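Note sheet for the following structure.
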Protein chains: 2
Amino acid sequence: MADIESTSYTKQRILDAAEALFAEKGYKAVTVREIVKTAGCNIAAVNYHFGQKRSLYLQVFEYRWIPRALRVQEAFRQNLEKSGSVDTAGIVRALALAFLEGPLSEEERIRHNQLMARELAHPSEAFELVVKRVMRPFIKEVLELLRMSVQRPMDEQELVLSLLSIFSQILYFSSARMPVSLFTGKRYTSGFRERLCEHIIAFSLRGLGMGEEGEEC
Amino acid sequence: MADIESTSYTKQRILDAAEALFAEKGYKAVTVREIVKTAGCNIAAVNYHFGQKRSLYLQVFEYRWIPRALRVQEAFRQNLEKSGSVDTAGIVRALALAFLEGPLSEEERIRHNQLMARELAHPSEAFELVVKRVMRPFIKEVLELLRMSVQRPMDEQELVLSLLSIFSQILYFSSARMPVSLFTGKRYTSGFRERLCEHIIAFSLRGLGMGEEGEEC
DNA sequence: GTCTATAGCAGGATAGAC
DNA sequence: GTCTATCCTGCTATAGAC
């Protein structure tokens, strides 16, 4: 991540274009021609910088997705620190805020979550990388925090499943925007996003068996 | 749906093969050649029966996905009837059971949910059809039931969002099997599926603000 | 490091025999 | 209604000039 920033500007443009297109349409549905057209360069540039389409896809994760995921994790830690007390409510709120309002622009967040939703549904080599470098350490970290804070008796498996329930909502509400808009009758304005965030926090906290506590965003 | 059963056997085989492949790989990633190879027929048969690839995709929804979704809805109603009292716990349980253990074979259910997950992430004309004929009426039906049964004061929007939270978990736990297995350390045996089902029911019931009630599957 | 040109192949779709 | 044979487009990937 340090050296890639010093490399060719064209390479950066290709990575950006590729990520946006892969997120929107999926690997197979995107053509290299489309990518270079968006990036404003020639088709041979992809081969020069990445060798082949597949390795471009993997490097999108390596140099774009993973660093961004680490920024989200860092935001979670900062949210937690700001909230002072490390209780369950604080953890869930810090999680939801980091993933739904966090350090990413709205566009970046959609791209980020869609790319992940695609890998979840159809894991590839990229997924292994993400599990190892991002998900496994983060899940471990959050589980440890939750384990200490949760009051109600709860075995390890229930804790893991509850965390996955929380992630499932975060992913759903940020990936499946169309059905959410359809059934709530609301467009994704910033006010509505805050409302969604509050809902996920409240629903999940109760789901974890914590009564109502702080409710402001 | 009545007349399609009387049509050519080849047409049925193509629909079956196409659905399985579209669910697994997505529209663009599947080739017509692959479909006819799986269906054991010739490539010209697709053109004869469906005109073009796109309309084959749409007819998969028309003649396979939608009828199956209606069977799941019917299972929900029967679950509800069996449970006797129409309280919130009964509704949530009937929902989760219909979608996660319901009338579909394990294979059918994965296919069904993956196809939906794909449409959610990238809605096409098929999604409009599904919204109109399946989702909108069903959401309306379940919302009405919930509205009558929920005790705690809850506005209409909160009710809709809570229902979506429940669906998000159902979809996640049946589509994202790999990460779920990874982080729980469990394979998707029938015992584990029951455990997941119980988790979703318990988490969602608490999420809706109902305390613990019946807990057997 | 970026381009043009092109090889080589796989895809969707169709014509026409049976 | 199902087949074989074929058209043509658009894809990835590379060779080679600049």
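Keep in mind that what you see is a predicted model, and the values were worked out from it rather than measured. Note on naming: letters A, B, ... go to the chains in the order of the sequence lines (proteins, then strands), and numbering restarts at 1 for each one.
Between R187(B) and S181(B), the closest heavy-atom pair is CA-OG, 4.1 Å.
At whole-Å resolution of the value, CG in N42(A) and P in dT6(C) are 14 Å apart. The distance between atom NZ of K28(B) and atom P of dG10(D), rounded to the nearest whole Å, is 11 Å. For the pair Y27(B) OH and dG11(C) P, the interatomic distance rounds to 14 Å; values are reported in whole Å. Atom P of nucleotide dT2(C) and atom CD of Q12(A) are separated by 11 Å, given to the nearest angstrom.
Within residues 44-56 of chain A, the residues approaching DNA chain C are A44(A), Y48(A), H49(A), by heavy-atom distance under 4.0 Å. Contact check of residues 31-38 of chain B against DNA chain D (heavy atom, cut-off under 4.0 Å) returns no residues at all.
E108(B) contributes a side-chain N or O that, together with a main-chain N or O of S105(B), makes up a donor-acceptor pair within less than 3.5 Å. The backbone N or O of G207(B) lies less than 3.5 Å from no partner atom in the side chain of S204(B), so there is not a single donor-acceptor pair.
The side chain of I43(A) lies closest to dA5(C) when the candidates are dC3(C), dC3(D), dA5(C). Checked against dT4(C), dT2(D), dT2(C), the side chain of S8(A) finds its nearest nucleotide in dT2(C).
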- request: Take Y172(B) and Y172(A), measure what ring-ring contact (aromatic ring centres under 6.0 Å, His included) needs, and give me the verdict at the end.
  value: CA-CA 8 Å; Y172(B) 181 85; Y172(A) 181 86; over 10 Å; no
task: Decide yes or no on side-chain contact (heavy atoms from CB on, under 4.5 Å) for E156(B) and L143(B), but give the supporting numbers first.
output: CA-CA 9 Å; E156(B) 191 64 19; L143(B) 276 179; 4.2 Å; yes
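Within the 6.0 Å centre-distance limit, the rings of F99(B) and F167(B) are counted as a close aromatic pair.
Donor-acceptor pairing under 3.5 Å is recorded for the side chains of E119(A) and S124(A). A donor-acceptor contact under 3.5 angstrom links the side chains of R64(B) and Q12(B), judged on distance only.
A salt bridge is absent between R68(A) and E107(A); no separation between the charged side-chain nitrogens and carboxylate oxygens falls under 4.0 Å.
Comparing the end axes of the helix from dG1(C)-dC18(D) to dC18(C)-dG1(D), each fitted to five base pairs by superposing C1' atoms of four pairs onto the next four, gives an inter-axis angle of 0° (nearest 10 degrees).
Within the 4.0 Å cut-off from OP1 or OP2 of dT2(C), at least one side-chain nitrogen or oxygen of T10(A) is found.
For K11(A) and F50(A), the positive end sits near the middle of the six-membered ring, less than 6.0 Å away and at most 45° from its axis. R193(A) forms no cation-pi arrangement with F173(A), by the criterion of a distance under 6.0 Å to the ring centre and an angle within 45° of the ring axis.
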